[in-house]
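Given the structure is predicted, the values throughout are model-derived calculations rather than measurements.
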Amino acid sequence: MAVERYNPRTTEPKWQKTWADASVFATRNDDTRPKYYVLEMFPYPSGRIHMGHVRNYTMGDVVARYKRAKGFAVLHPMGWDAFGLPAENAAIEKKVHPAKWTYENIAYMRGQLKAMGLSLDWDREIATCHPGYYRHQQAMFVDMFDAGLAYRRTSKVNWDPVDMTVLANEQVIDGRGWRSGALVEQKELVQWNFRITAFSDELLKALDGLDRWPDKVRLMQRNWIGKSEGLEVRFELATPGPQGEKTVKVFTTRPDTLFGASFVALSPDHPLARSLGETNADLAAFQEKCRRMGTSVAVLETAEKEGFDTGLRVKHPFIPGKTVPLWVANFILMDYGTGAIFGCPAHDQRDLDFARKYGLEVTPVVLPKGADAASFTVDDVAFVDDGSIFNSDFLDGLDVDTAFDTVAKRLEGTIVDGAPQGERKVNFRLRDWLISRQRYWGCPIPVVHCDDCGTVPVPKDQLPVLLPDDASFDKPGNPLDHHPTWKHVACPKCGKPARRETDTMDTFVDSSWYFARFTDPWNTEGPTTRAVADRWLPVDQYIGGIEHAILHLLYSRFFTRAMKATGHVGLDEPFAGLFTQGMVVHETYKGPDGHWVSPADIVIDETDAGRTARMKDGSGAVAIGSIEKMSKSKKNTVDPSDIIATWGADTARWFVLSDSPPDRDVIWTEAGVEGAHRFVQRVWRLVGDAVELIGGAGTGDRSAAALALAKATHKTVAAVEDDIEKLGFNRAVARLYEFANAIGRVLAGPDAVRADASLAAAVEEAADALVRMIAPMMPHLAEECWTALGRTGLVADAAWPSVDRALVVDDTVTLPVQVNGKKRAELTIARDADEAAVREATLALEAVAAALGGNPPKKVIVVPGRIVNVVA
RNA sequence: GCGGACGUGGCGAAACCGGUAGACGCAGCGGGCUUAAAACCCGCAUCCUUCGGGAGUAGGGGUUCGAGUCCCCUCGUCCGCACCA
């Protein structure tokens, strides 16, 4: 028997055409079967797909094809997150219009995705930069404006004074603009925001119901929202501030430590700090220095803690005559709480670092359990846990919670400057969502500014507000702002000359509702068609990178609520199931000249002595570096198109599913790909070999060999099904390898199969099941095998094999037998044997008897179906 | 700095609820087939060992009849931090 090698290069395009011609994966909105919506995070059209996309879309495709086989009406669409910075950078650097650049990238990447053989409904394809998409986004912005969910306020941005442009945080490198190298300044602009904080509590509470989300993502979102219950305390200034300020309001979650307060600190942008700065040149210089740090929280908080003593003092609320100094400090954020804190160094690490640096008092007021009040001191490590309060007058002896309440009650009842000195307050870390971007390639914010009428939303019948095609990118600043005519319009209300808003929306807005648009992308009247959206949503399984754990997912959760409030959808939570997949990583290599070199240019030699590498062109030895995220700068990328051209899409798909658990990083290796390809050929050979032996009528009782194979088949189907349901693709792959080995062992003896009709029938069943099971993972190979087996139709339309439960469970089990927790023997016994029988059989074992040495066991622990442990 | 995760053979991993650590794959080694090579097939493979056994899941401690799994501490790596997507 000679089976030709399987040739993916001819086979894969053939089946892709077959699927496309028959519209196999086009989903009808009137399909009445139970629905299943599987979605992968749509790509940014950067130019070419990368291995991360291959992994992400393969996983989604396995789920989509599996659910189709299980009888669901599957919605599995694809689109493009098409607005964004790189298109504008390309316009500046390569003089190509962002639209042209973007649409060309989309065309190329669409071809790459199609070559992967994904079961996508391409009829629903959308691009967020298309007016047919963003017009609806503008309409929803107007709805949200009317509902009070969109508003303007002043916020800080990173300003590049040379390029005269706003910089993204990633464009600020060591405090300087990435292109100009100029020191970045903080600048205040009036900008548009979405009122996500209106939903703070709800977004927090609803996390509990998202039981098909990873716990880590829910925890990260919980911490991000950051609900904390505390107290606002107004400290009285010992002498009034320059504007006559009498008090400073701080927010604290630890009022119990008030007696340990040794300073009060203001954000450099706190109104009182500002007014003090007006008359104090040194303070103004300090504030100026703080403003040169950019706006990134990570930078602000990792910077060396610095402060400035204003010279003013505030009165301690409880200790008559005591005052503490008022500082301005660089690590106090104006956006959180009241922009001011009181510092209790003994019980807060950051305050302690600050106090040690500036020689401020450190008074411990919470005593750890068992510590001695007379000798307890705090040196370099703050004590932040619970304990009993001391050094604190009327709080002494109380625990932290009780002291909190006592302080709160006392301050609520104290009147300072005409108001209670303390007020209980629930504070959130979550800030409103700043959506204004001073950029061209984004969705224009549909608003007109009129001197008489103020801020006027563009009426819906005048939407979309289109981007002008003829923008110029060679001048610094926002192309929309310096466009000669675009922003000059008549006020929609009074008709007088007015100005368009020139800010565009954050691209996170685009990706906050695309999943809803996919349900009816053909609707020209509105963003969604309610009945259709309500049928398909929520997304049953959403798959994407962990890097989106907070922002994209939280914004989408908010936007869905906003869409509900404005009547566009009928649900709160867009994603019922979430899976976050790991990255594709690769070894790095440095060539003889010390520069990074591409894996495509080297050869790896593996021997007993280890792995070495050299240049393919013979130019010298290559140093093998660490395994890192694929990146252009380190040249450790692999182009999916090259892989598909060389090995075929099925090989690439199989590899990214096989090697690592899907939520962990997978290391791309050439050897691993070769292994995956060997399996492709192996399946093809197995099916070819099986075809020669099957087709007879397998009737009557099964032989022992046939029963064994049938059991292997049904156990494998049950296990693979379970694995795919849990997205454990690497486990499913391992089981399919084992199953192929089992089939291979039977096919190695073809004469035995020919002599045993029941075995031939079992082989046919096994081959049939194997093909159906690999179909979601290697769809082209599966179709080819399906045809070879003589099946009609497409395996893409075939059902998932059903499991005969009677063949999955065995009559006997083999239990490990431990003595004192160490394995000493095995016991094979009837599966339904009761505990007494297991105990008796265990004690009769030679190894157990020897270990006991004639003494009775102290204890025998029998865990049914699992283990026996004898305690001697 | 804050928040979140991860760490198991030469390598990627498996072990689902606290119950046989290392399934499956990669690389390696030995053998078969072959004039030869590739492909393919079979086998060996955590470490130490006096061959009885002992040690072992980043390191240290704890709970338990039993810990890779639970708890505490330490170390290392990775992700996010609000204008990259």
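At B:rC83, one or more side-chain N or O atoms of A:Arg437 fall inside 4.0 Å of OP1 or OP2 (strictly under the cut-off). For the OP1/OP2 pair of B:rA13 and a distance below 4.0 Å, the side-chain nitrogens and oxygens of A:Arg735 include no atom meeting the criterion. Taking side-chain N and O atoms only, A:Arg664 has a distance below 4.0 Å to OP1 or OP2 of B:rA14. Close to B:rA82, at under 4.0 Å from its OP1 or OP2, lies no side-chain N or O of A:Lys156. For A:Thr669 and B:rC26, the shortest distance from a side-chain N or O to OP1 or OP2 is not below 4.0 Å. Contact annotation: A:Arg682 reaches the phosphate of B:rC41 (side-chain N/O to OP1 or OP2, under 4.0 Å). Remark: A:Arg745 is not in phosphate contact with B:rC41, judged by side-chain N or O atoms under 4.0 Å from OP1 or OP2. Contact annotation: A:Arg731 side-chain N/O to B:rA15 OP1/OP2 distance is under 4.0 Å.
Under a 4.0 Å N-O distance rule, the pair A:Glu188/A:Arg153 does not qualify as a salt bridge. A salt bridge is defined here as a Lys NZ or Arg NE, NH1 or NH2 lying under 4.0 Å from an Asp or Glu carboxylate O, and A:Arg685 with A:Asp689 fails to meet this definition.
With B:rC84, B:rC16, B:rC83 as the choices, the nucleotide that has an atom nearest any side-chain atom of A:Lys726 turns out to be B:rC16. Counting only heavy atoms from C-beta on, A:Glu547 has its side chain closest to B:rC79 among B:rG19, B:rC79, B:rG4. The nucleotide whose nearest atom lies closest to any side-chain atom of A:Glu170 is, among B:rC84, B:rC26, B:rA82, B:rC84. The listed nucleotides are B:rA82, B:rG4, B:rC83; the one nearest the side chain of A:Asn158 is B:rC83. Closest to the side chain of A:Gln818, out of B:rC81, B:rU20, B:rC84, is B:rU20. Picking from B:rA82, B:rC2, B:rG3 the nucleotide with the shortest atom distance to the side chain of A:Glu301 gives B:rC2. Taking only side-chain atoms of A:Ile546, from C-beta outward, the nucleotide of B:rC79, B:rC84, B:rA55 with the closest atom is B:rC79.
Here A:Gln191 lies in heavy-atom contact (under 4.0 Å) with a base. A:Ala549 comes within 4.0 angstrom of no nucleic acid atom, judged by non-hydrogen atoms across all strands. In this structure, A:Leu554 reaches neither bases nor backbone, as no heavy-atom distance under 4.0 Å exists between it and the strands shown. Across all strands shown, A:Ile861 has heavy atoms under 4.0 Å from base atoms, whether or not it also approaches the sugar-phosphate. Within the nucleic acid shown, A:Asn169 comes within 4.0 Å of sugar-phosphate atoms alone, with no base atom in reach, counting heavy atoms only. Across all strands, A:Ser46 comes closer than 4.0 Å to no nucleic acid atom at all (heavy-atom distances). A:Gln438 comes within contact range of at least one nucleobase, with a heavy-atom separation under 4.0 Å. Residue contacts shown for A:Pro661 are limited to sugar-phosphate atoms, with no base heavy atom under 4.0 Å away. Backbone-only contact: A:Asn741 has heavy atoms under 4.0 Å from sugar-phosphate atoms and none from a base. Heavy atoms of A:Val666 sit nowhere under 4.0 angstrom from any nucleic acid atom. Among the atoms of the strands shown, only primed sugar atoms or phosphate atoms (P, OP1, OP2) are found under 4.0 Å from some heavy atom of A:Glu738. Using a 4.0 Å heavy-atom criterion, one finds that A:Asp335 contacts no nucleic acid atom at all. Residue A:Arg824 is classed as a sugar-phosphate contact, given heavy-atom separations below 4.0 Å to backbone atoms only. A:His552 comes within 4.0 angstrom of nothing in the nucleic acid, heavy atoms only.
Below 30°, between 30° and 60°, or above 60°: for A:His552 and A:His548 the angle between ring planes is above 60°, a perpendicular geometry.
Taking 3.5 Å as the limit, the base of B:rC84 and the side chain of A:Gln171 contain no donor-acceptor pair of atoms between them. Side chain A:Glu670 to base B:rC26: no donor-acceptor pair is found below 3.5 Å. Under 3.5 Å, the side chain of A:Arg439 and the base of B:rC83 form at least one donor-acceptor pair of N or O atoms.
Atom CZ of A:Arg5 and atom C1' of B:rA39 are 7 Å apart (whole Å). Taking atom CD1 on A:Ile196 and atom P on B:rA82, their separation rounds to 14 Å, with Å as the unit. Going from atom CG of A:Leu553 over to atom P of B:rC81 covers 13 Å, rounded to whole Å. Atom CG of A:Asp665 and atom P of B:rU77 are 15 Å apart (whole Å). Residue A:Arg685 contributes atom CZ, which lies 8 Å from atom C1' of B:rA39 at whole-angstrom precision. Counting to the nearest Å, the C1' atom of B:rG53 and the NZ atom of A:Lys823 are 15 Å from each other. Residue A:Asp659 contributes atom CG, which lies 11 Å from atom P of B:rA27 at whole-angstrom precision. Between A:Glu304 atom CD and B:rG1 atom C1' the separation is 12 Å, expressed in whole Å.
With both ends at atom C1', the span from B:rA58 to B:rG68 equals 12 Å, rounded to whole Å. Distance check on atom C1': B:rC24 versus B:rU34 gives 30 Å, rounded to whole Å. Across the P atoms, B:rA27 and B:rC84 are found 42 Å apart, a figure rounded to whole Å. Only the P atoms considered, B:rA21 is 31 Å distant from B:rU74, to the nearest whole Å. Nucleotides B:rG28 and B:rC11 have their C1' atoms positioned 11 Å apart, rounded to a whole Å. Taking the P atom of each, B:rG56 and B:rG61 are spaced 11 Å apart, rounded to whole Å. Nucleotides B:rG22 and B:rA14, compared at atom P, are 15 Å apart to the nearest Å. B:rC6 and B:rU69 have their P atoms separated by 13 Å, with the value rounded to a whole Å.
When ring centroids are compared, A:Trp654 and A:Tyr737 come within the 6.0 Å threshold. In summary, the aromatic rings of A:Tyr555 and A:Phe194 are positioned with their centroids too far apart to meet the 6.0 Å limit. Side-chain rings of A:Trp668 and A:Phe655 approach one another, their centers coming within less than 6.0 Å.
With no hydrogens or angles considered, a side-chain donor-acceptor pair links A:Lys156 and A:Gln186 at under 3.5 Å. Of the N and O atoms on the side chains of A:Asp659 and A:Asn730, not one donor lies less than 3.5 Å from an acceptor on the other residue.
With RNA chain B read from its 5' end, the first of the two nearest nucleotides for A:Lys859 and A:Thr507 is the one closest to A:Lys859. Nearest-nucleotide mapping onto RNA chain B: of A:Val871 and A:Trp224, the residue sitting toward the 5' end is A:Val871.
Base orientation of B:rC6: anti, the glycosidic angle falling outside 90° of 0.
Relative to the ring axis of A:Trp684, A:Arg5 does not place its NZ or CZ within 45° and under 6.0 Å from the centre.
Here B:rC6 sits opposite B:rG76 as a Watson-Crick or G-U wobble pair (both hydrogen-bonding atom distances under 3.5 Å).
One N or O on the side chain of A:Arg439 and one on the backbone of A:Val166 form a donor-acceptor pair closer than 3.5 Å.
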